[in-house]
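Just so we're on the same page: letters track the sequence lines, and every chain starts at 1.
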Amino acid sequence: MLRRFRLEEPESVDETSDLLARYGESAKIYAGGTELLLAMKEGLVHYERLVNIKKIRSLDQITTENGFIHIGALSTHRKLVESSLLRERLPALVGMESDIANIRVREVGTLGGNLCFAEPHADPGTLLLVLGARLFAAKRSSNREIPVEQFFVDAYETCLEPDEILTGVRVPLPPRPSGVAYLKFGYLERPSVGVAVRVTLDQTRESIVEARVAVGCAGPVPRRVEEAERLRQPVLL
Amino acid sequence: MRNTLSKRKATQIIPISFTVNGTWQEIDVEPQELLLDVIRDRLGLTGSKRSCDMQVCGACTVLLDGRPVSSCTLLAFEARDREVLTIEGVAQNGRLHPLQEAFIEKGGFQCGFCTPGMILTAKVLLDGNPDPSEAEVI
């Protein structure tokens, strides 16, 4: 059972930012609600106001430009799984997304909500680390880009300011030739550990130019594993 | 008096209209009301069940615009201007849906509590992919 709260439904990022600034910690952004409502039902958190941002239409687009893919924060997991653009250009992301939770959660849960809730047992942040993603945050009259390495501060804590909104994620298309993979291990739906790897080969495809490895769920935030990345040096395929 | 006033001030009413099993509904909901409670307690459709209450088990599954959602963790106002299908609406004109017939024929039940969710989710799969492979079913 949920305790009573009020609902705000802004239609722009500026309006959302104003509401967050006005109500401070008594308000929380609400998108898919798949994580937030669980915590509220358990009584772990309570907010006097939820700010439903799904009326901001421009935040659920998936587009490509100049070697980058931009994913709006309100894109649901299902939308990412079904995106022909992502299937063609970032199949590893589609593979990761298609295995998040279950079909009902993927229907309503959003990528932005997943990242902002910063639940340590989550998948997307780990893969976005090796992909070199940057997150876009906005508040009234200002925008900024945040490397995904800096976004997660602690379990359930991000670097977003109280009146700031995550608007999207920009992922550079992987260099060629390269390979990207995400594997997770776990019981039922939550991953117990998630591992993401991006390996870039030289043009002869005989040696590794760069290896990126990230691990999630094993600590409060997903992190790159430089020790493993350095192992690329002696490897010859 | 003050208590009454402050309580009233805290209550926010959201008028929503939506269809449930093809029937137009206009009701007022409060922001925190969950779709499952509206369906069961206010519309009297008790085929959708509350079980795990955390979007895992699927017993509360309903279809929203033809897509499966966990109504136990979906705010009722999200159904506004949309179509909800519950297990009660799957049979048409008194005839069971072929999936329901198949569940009966094959005894596709354990205790039956979560069968509505299984049938609705299977319907989504088959509506989009009438001849799925075993891997696609799993």
Side-chain angles (χ1 to χ4, degrees), chain A residues 1-9 23 26-55 74 76-79 81-82 98-110 113-114 117 119 121 186-190, chain B residues 6-16 29-38 41 48 50 52-82 114 117-118 120-125 128-129 135-138:
Chain A
M1 195 59 81
L2 283 166
R3 285 172 60 190
R4 178 171 284 155
F5 58 80
R6 293 187 71 83
L7 183 74
E8 304 284 349
E9 300 201 278
Y23 295 114
S26 69
K28 191 74 173 174
I29 290 181
Y30 159 81
T34 57
E35 305 260 30
L36 179 64
L37 295 179
L38 291 186
M40 290 176 70
K41 283 202 293 191
E42 288 294 319
L44 299 172
V45 290
H46 175 68
Y47 301 98
E48 289 172 20
R49 279 183 167 71
L50 293 192
V51 181
N52 178 22
I53 57 171
K54 290 195 294 299
K55 287 196 168 178
L74 285 178
T76 61
H77 300 301
R78 175 197 167 201
K79 180 167 183 163
V81 170
E82 295 185 350
S98 67
D99 206 21
I100 285 181
N102 60 55
I103 191 172
R104 290 161 278 110
V105 170
R106 292 193 295 275
E107 183 66 29
V108 290
T110 65
N114 180 293
F117 200 76
E119 151 72 64
H121 296 93
Y187 176 65
L188 296 178
E189 292 175 1
R190 290 273 184 199
Chain B
S6 63
K7 207 172 197 176
R8 190 171 298 158
K9 193 182 167 193
T11 304
Q12 179 185 9
I13 298 297
I14 306 173
I16 63 168
V29 298
E30 292 187 37
Q32 76 281 358
E33 282 189 85
L34 294 161
L35 184 59
L36 179 62
D37 295 322
V38 168
D41 301 341
S48 311
R50 173 171 274 120
C52 77
D53 210 15
M54 52 193 293
Q55 308 169 99
V56 172
C57 74
C60 69
T61 301
V62 301
L63 305 191
L64 197 59
D65 290 342
R67 298 293 308 174
V69 294
S70 293
S71 63
C72 74
T73 312
L74 192 80
L75 296 174
F77 79 83
E78 298 280 15
R80 66 186 163 195
D81 305 323
R82 301 178 77 175
C114 64
M118 290 190 192
L120 286 165
T121 309
K123 184 175 181 305
V124 173
L125 174 71
N129 182 2
E136 286 168 328
V137 172
I138 295 168

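Under a 3.5 Å cut-off, the side chain of K41(A) and the backbone N or O of C72(B) do form a donor-acceptor pair. With hydrogens and angles ignored, the 3.5 Å screen pairs a side-chain donor or acceptor of R104(A) with a backbone N or O of V56(B).
For the set S70(B), P31(B), G58(B), the count of heavy-atom pairs under 4.5 angstrom toward chain A peaks at P31(B). For the options D37(B), D53(B), L74(B), T61(B), heavy-atom pairs under 4.5 Å to chain A are most numerous at D53(B). Put simply, of V69(B), L34(B), V124(B), the one with the most heavy-atom pairs under 4.5 Å next to chain A is V69(B). Comparing E42(A), M40(A), R78(A), R106(A) by how many heavy-atom pairs each has under 4.5 Å with chain B, the most go to R78(A).
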I would like to know whether I103(A) and R67(B) meet side-chain contact (heavy atoms from CB on, under 4.5 Å); could you show each step before the answer? CA-CA 9 Å; I103(A) 191 172; R67(B) 298 293 308 174; 4.1 Å; yes
Start with the C-alpha gap between E78(B) and K55(A), add the side-chain angles, then the distance that decides, and say whether salt bridge (charged side-chain N to carboxylate O under 4.0 Å, His left out) holds. CA-CA 11 Å; E78(B) 298 280 15; K55(A) 287 196 168 178; over 6 Å; no
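Among all heavy-atom pairs drawn from T73(B) and G33(A), the shortest one is CG2-O, 4.4 Å. Closest non-hydrogen pair, Q55(B) versus T34(A), comes out as NE2-O, 2.9 Å. Here the closest non-hydrogen pair linking F5(A) and Q12(B) is O-OE1, 4.4 Å.
Electrostatic pairing of R3(A) and E30(B) does not count as a salt bridge here, judged by no charged N lying under 4.0 Å from a carboxylate O.
In this structure, E189(A) places its CD atom where more than 12 heavy-atom neighbours from other residues, nucleotides or ligands lie under 6.0 Å away. Within a 6.0 Å radius of NZ in K28(A), no more than 12 heavy atoms belonging to other residues, nucleotides or ligands are found.
Neither the backbone nor the side chain of L64(B) comes within contact range of chain A; no heavy atoms are under 4.5 Å apart. Neither the backbone nor the side chain of E8(A) comes within less than 4.5 Å of any heavy atom in chain B.
In this structure, CG on L75(B) lies 4.5 Å from CG on L37(A), to the nearest 0.5 angstrom.
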